[in-house]
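So the structure is just underneath, and the comments pick up after that.
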Amino acid sequence: MRIEYVYPEFEVVRNEARCIQCRVCERQCANEVHSFDPDTGLMLSDESKCVNCQRCVALCPTRALKIVKSDCALRENANWPQGLIKEIYKQANSGGVLLSSMGNPNPLPVYWDKILINASQVTNPSIDPLREPMETRVFLGKKPAKVERDEGDGLKCTLAPQLTLAMPVMFSAMSYGSISYNAHESLARAADALGIYYNTGEGGLHEDFYRYGQNTIVQVASGRFGVHKDYLAAGAAIEIKMGQGAKPGIGGHLPGAKIVGDISRTRMISEGTDAISPAPHHDIYSIEDLRQLVYSLKEATEYKKPIIVKVAAVHNIAAIAGGIARSGADIIAIDGFRGGTGAAPTRIRDNVGIPIEPALAAVDQRLREEGIRNQTSLVVGGSIRSAADVVKAIALGADACYIATAALLALGCHLCRSCHTGKCNWGIATQRPDLVKRLNPDIGSERLIRLMTAWKHEIMELMGGMGINSIESLRGNRLMLRGVNLNEKELEILGISHAGE
Amino acid sequence: MLINASHLDYVALNESIRKTDENCELIGCLGQRYIAAGMAQRSIRIDGVPGNALGAYLNGATITVYGNAQDAVGDTMNDGRIIVHGNVGDAVGYAMRSGEIFVKGNAGYRAGIHMKEYRDKVPVMVIGGVAGSFLGEYQAGGKIIVLGLGRASRPIISNFPCTGMHGGKVYLRSDCRDVLFPDQVTVRSTTDEDLADIFKYVSEYCNLFGYDVAQVMNAAFTVVTPNSNNPYKQMYVAN
């Protein structure tokens, strides 16, 4: 074989006895894996193009298809796993920086899976959420340090602006451009129906979605795409993006080829021009500079909206969060290193940043020690995969969680991790009209609503089991958590005891 | 409306500007930030030195400063006009998308970085004196004009201009022999067409600040344009 040849990762297995040559697979695959051979009357496949998105498998009417991992393997080597060797080949072939999508897939510790939740037995009886009221509503924003009274001895009730969430979960930032119009519409409508929020990401807000503004968080990143007065006024809150868990320390870059039509209009940049968001905001080199951006946004929106500052979880995150709290931010969002992305350099995604669990525990602890925990709410993401992860995050100190990958899965994502190709067969990470229309926003928003409704019920059941009937009593309640398979240092940082203690 | 800013902090000052729909005249301004943030269709005249982020997200208002201005003038400006009868600090016109900024004197670091354009929205910034390092970094559209008036032997701009530039144009009233540009831009002398392109803005500058336009235009100009709209196109391989 040629020196540059890389053996395909997947094999298309077609059961010829079942295949009726209906050619659905051929029409459904944007990667052009399947084709019909008129001479033999058989379907052919070019597995070198397959990304294992399972679209053909799901749509095959006779269940004639499956995609399997190829067993054509290089000689086993614990030091040189196959993936790494193939990456070397790709780079030797192209000279390019490796580009990947979605979150870090490597077998690094998932602390959520090493943390277990308490339940009441005998004393402090558990609560049945089917029969008794449970409060899952949370308010995000600055809380007063103490109760104050006016001259007439009445309570001073002026609060900083708050976001009200019916449950402690929001859809995190995904730009229009990285995901499709229909994906955005699904998220916006679901957030509206659920009483939570979705996030525009840094690509601006499509004019059709201004009507969901009450449930929208608008983002401001270093490139300031689509940022103008009406955009700032449209959202319920404004998020300053300083960093992202999937690629801490580097910026965003939407290639000019994707800046067409609506994407160009929403970002307010010319068609065909790269949309470059550099890693740093070049006007922010200190907490004081960050404060300047926070307050310029507050001034521009007349102090009516909470300002979120989003950062990636990195080594000194506790000190960084302390600084952000003092910058005047109402909410700090921290994104762990497993967070997803529409495209990130592989080496960055897989090697930079820290897990969200210790980052969250360290930040909550530090803000408490400094007596400023009330000054900001904490939102964590990257990655929150289930209602159990949400409950654990809240018990570790979060006010709410951001989810994105889970939301995309609900919309049909099969985690093939090929978003950067722009050929998403499920109509999510693509702008091709024929692909986008595969995602029906009526169905998409319904699926998101069902997912979140199910999570909400699970959250209530987990809380009820602990004898807790309000999210407020769960927040930072680390006594409700125990660790397994964790060493003393890990337990110390997480601030939890080991199982059995 | 006349507002005496000398005893107002920025919150109080900006609130008093917001409260009225009238044009405002600020006297005794001394470092108050975010003046006229996001404002449209008004005229604001400032005596003194406004603080950082003057006219951030400006949306159509006209601001005239009779003095110097500080950092981040016209940050993410969407429309309108800012005229400064003095010098400005760093990052003037960061990510501005439309409107005009005229600075009589010098600008600090990172003037016009991330400047963009979109359809009929083409921002213009004219700096009468010299500009600091990183001028027009990541510029994606619009026009930056630096005149270098009164610069004597100083270079018209400092180090690392136009890095990451992928749109728009930079016009410099100098032959630029003493300026080092990065590989991703093309640097050449202006043609008559280029000069016609900027004449309107240079003459507006001269009108505003009392210069003779014929004299100002009678000099060597250099124009800088990017080599590509997609500077990082070939950098990646799908994994």
Side-chain angles (χ1 to χ4, degrees), chain A residues 51 83 86-87 90-91 93-101 220 222-233 253 255-257 259 264-265 267-278 281-283 289 292-293 295-303 343 345-347 417-418 420-421, chain B residues 10-11 14-15 18 33-40 51-60 71-72 75-79 90-91 94-98 109-110 113-114 116-119 121-122 134 137-138 140-141 163-164 166-168 226 228-239:
Chain A
V51 297
K86 288 185 176 174
E87 285 167 356
K90 284 177 194 171
Q91 291 192 292
N93 287 344
S94 68
V97 169
L98 295 162
L99 195 68
S100 292
S101 306
V220 172
S222 63
R224 306 279 210 275
F225 299 113
V227 177
H228 59 109
K229 185 74 195 305
D230 298 344
Y231 169 80
L232 298 176
H253 173 211
I259 310 290
S264 147
R265 195 160 79 233
R267 294 194 179 222
M268 301 172 90
I269 51 172
S270 306
E271 294 206 358
T273 301
D274 282 10
I276 299 172
S277 293
H281 290 240
H282 278 295
D283 53 348
D289 289 348
Q292 182 181 311
L293 185 58
Y295 275 88
S296 78
L297 291 166
K298 286 187 185 222
E299 280 284 344
T301 53
E302 300 177 29
Y303 297 88
T346 310
R347 294 293 172 252
R417 313 202 301 258
S418 310
H420 54 279
T421 64
Chain B
Y10 70 82
V11 178
N14 294 327
E15 205 178 293
R18 275 200 297 271
R33 293 181 170 195
Y34 324 115
I35 292 173
M39 274 185 188
N52 290 359
L54 169 73
Y57 322 103
L58 197 72
N59 208 21
D71 295 345
D75 181 353
T76 322
M77 173 172 171
N78 191 50
D79 204 358
D90 296 341
Y94 184 118
M96 72 184 284
R97 182 184 299 115
S98 188
Y109 282 172
R110 297 208 146 89
I113 83 168
H114 277 297
K116 321 182 164 356
E117 67 183 50
Y118 173 62
R119 294 193 181 169
K121 289 176 169 293
V122 181
F134 312 106
E137 205 175 22
Y138 303 107
T163 311
H166 54 291
S228 161
N229 286 337
N230 319 103
Y232 306 115
K233 201 175 171 186
Q234 300 303 329
M235 219 171 95
Y236 300 105
V237 56
N239 187 24

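Below, chains carry the letters A, B, ... as their sequence lines are ordered, and counting in each starts from 1.
For B:Glu137, the part lying under 4.5 angstrom from a heavy atom of chain A is the side chain only. Looking at A:Ser418, there are no atoms closer than 4.5 Å to chain B (heavy atoms on both sides), in backbone or side chain. For B:Asp90, no part sits under 4.5 Å from any heavy atom of chain A, backbone or side chain. In this structure, chain B has heavy atoms under 4.5 Å from both the backbone and the side chain of A:Ser270. Heavy-atom distances place both the backbone and the side chain of B:Tyr236 under 4.5 Å from chain A. Contacts between A:Thr346 and chain B at a heavy-atom distance below 4.5 Å involve the side chain alone, from C-beta outward. Using a 4.5 Å cut-off between heavy atoms, A:Ser264 touches chain B through backbone and side chain atoms alike. Of the two parts of B:His166, the backbone and the side chain both hold a non-hydrogen atom closer than 4.5 Å to a non-hydrogen atom of chain A. Interface residue A:Leu293: backbone and side-chain heavy atoms are both found under 4.5 Å from chain B. Both the backbone and the side chain of B:Tyr10 come within less than 4.5 Å of a heavy atom of chain A. Using a 4.5 Å cut-off between heavy atoms, A:Tyr303 contacts chain B through its side chain alone, with no backbone atom that close.
Scanning for ring-ring contact (aromatic ring centres under 6.0 Å, His included) contacts around B:Tyr118 gives an empty result, with sequence neighbours left out. Qualifying ring-ring contact (aromatic ring centres under 6.0 Å, His included) partners for A:His420, counting only residues two or more places apart in sequence or in other chains: none.
Between chain B and the options A:Gly272, A:Pro255, A:Gly256, A:Ala275, the largest number of non-hydrogen pairs under 4.5 Å is found for A:Gly272.
Side chains of B:Asn78 and A:Lys229: a donor-acceptor N/O pair is absent below 3.5 angstrom, by distance only.
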